[in-house]
Amino acid sequence: MNTIDPVILFFIFGAIAGMLRAELRLPRQVYEFVTILLLLTIGLKGGIELAKQPFSTLLPQIAVVVAIGGFILPLIIFPILRYLGRFKRADAASISAHYGSVSVGTFAVVLAYVSSLSVPFEEYMALFVVLLEIPAILVGIILARGVNKETKWGKVAQEVLLGRGITLLIGGLLIGWIAGADGLTSIKPMFFDLFNGILALFLLEMGLITATQLSTLKKHGPFLIVFGVVMPVFLALIGTLMGWSLGLSVGGTAILATLIASASYIAVPAAMRISVPEANPTLSLTASLGITFPFNILVGVPMYYTFAEKAHILFGG
Amino acid sequence: MTLSKQKIITIVTETRLESALCEDIEKLGGHGYTITDARGKGHRGVRDAVWAANANIRIEVVCEPEVAKNITEHLKKHYFDNYAMILFTGDVQVLRPDKF
């Protein structure tokens, strides 16, 4: 793909308009509607394919992806932030949770990217989005305060499991799984055909939001900027190895690598605010939303696709 | 027409605290509250409500002075340190004191 995908241009447009302080904002309800459509579509697409997969092939993949992506990676990220970055314990834990979890927006972009290349990929990957969102939050809370009786686990669980992201993804997965591709033809124009257009609107708003984060960048020093760029590349390399060793296709490996490289900016901030309030939300959001998100969609996605190709050439498969 | 004296508490804080605060207010004896979306600027910068992370709400509670004291102290203890929150109280007069 030589030309830049138009959806990315919408993001750049939004970011520039935001930096120039243009009178531009997607109305809040429109942004929420667009997000809901994206989440449902990703769920539906995943659900259709999930129905075709035997559970026996899925189970080892789920186990590896969740164990490494959800639990081990935040534990590797934490000491880097704590000792190299000299962050306070709560902040280091919170940022680790953000990077151990995933971003649906980034997932949507890599999905559009791989689809535009017309290469095959495992379309049930949406399942991993759901599974990877949660474990890092638990790890983050425990890193911040140990297994503490004061943590209101019930509230955290409600915030995470019944938050909009997880609810809509699971709802979409189930509907897609039950209805199947044929059953969904009647709603296909709304969800599948419009996907890239909806994604373009979403990224326009994300560009505007990212621009507002940039003003806080200067305050937080070079470490956070370097971390926000280097960490996703490192995570993508691990994700590439995971995808390759699980026998995923090149497309699937690239998607998994991107997912592992992405950092949450919706579910985790909400959960951390409730459970680790002493962590400064500006630090983690600046990193995940101000640096890593734009880096991933502008540079990361094509780079991780190359990683996936190289891995498959190098190691075979 | 007789008016009776009550207190009004106004809290401006992060949208994410909504459900937790409503629970606290009811537990501490507030019989009701009114919530509106809010925008503004304070020492935590512009909070323009464009998305959940920096959206604000304004909660108003009319209640007995004793309840107002309890709510104020509870919020000061549990939320002031780590959350964007301002709180102020005032005297109000109401027609039907039994409602509060």
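Just so we're on the same page: letters track the sequence lines, and every chain starts at 1. Just so it is clear, the structure is predicted and the values come from calculations on it, not from any experiment.
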Engineer: Taking atom CZ of A:Phe223 as the centre, report whether more than 12 heavy atoms of other residues, nucleotides or ligands fall under 6.0 Å from it.
Structural biologist: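 Enclosed: over 12 neighbouring heavy atoms sit under 6.0 Å from CZ of A:Phe223.
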Engineer: Nearest 0.5 angstrom please: A:Glu278 CD to B:Asp81 CG, how far?
Structural biologist: 10.0 Å
Engineer: Kindly give the heavy-atom pair with the smallest separation between B:Arg16 and A:Ile266, and that separation in Å.
Structural biologist: NH2-O, 4.3 Å
Engineer: Which bit of A:Leu208 is near chain B, if near means a heavy-atom gap under 4.5 Å: side chain, backbone, both or neither?
Structural biologist: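 Looking at A:Leu208, nothing touches chain B.
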Engineer: Does A:Phe10, at its CZ atom, have more than 12 non-hydrogen atoms belonging to other residues, nucleotides or ligands within less than 6.0 Å?
Structural biologist: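 12 or below, so no.
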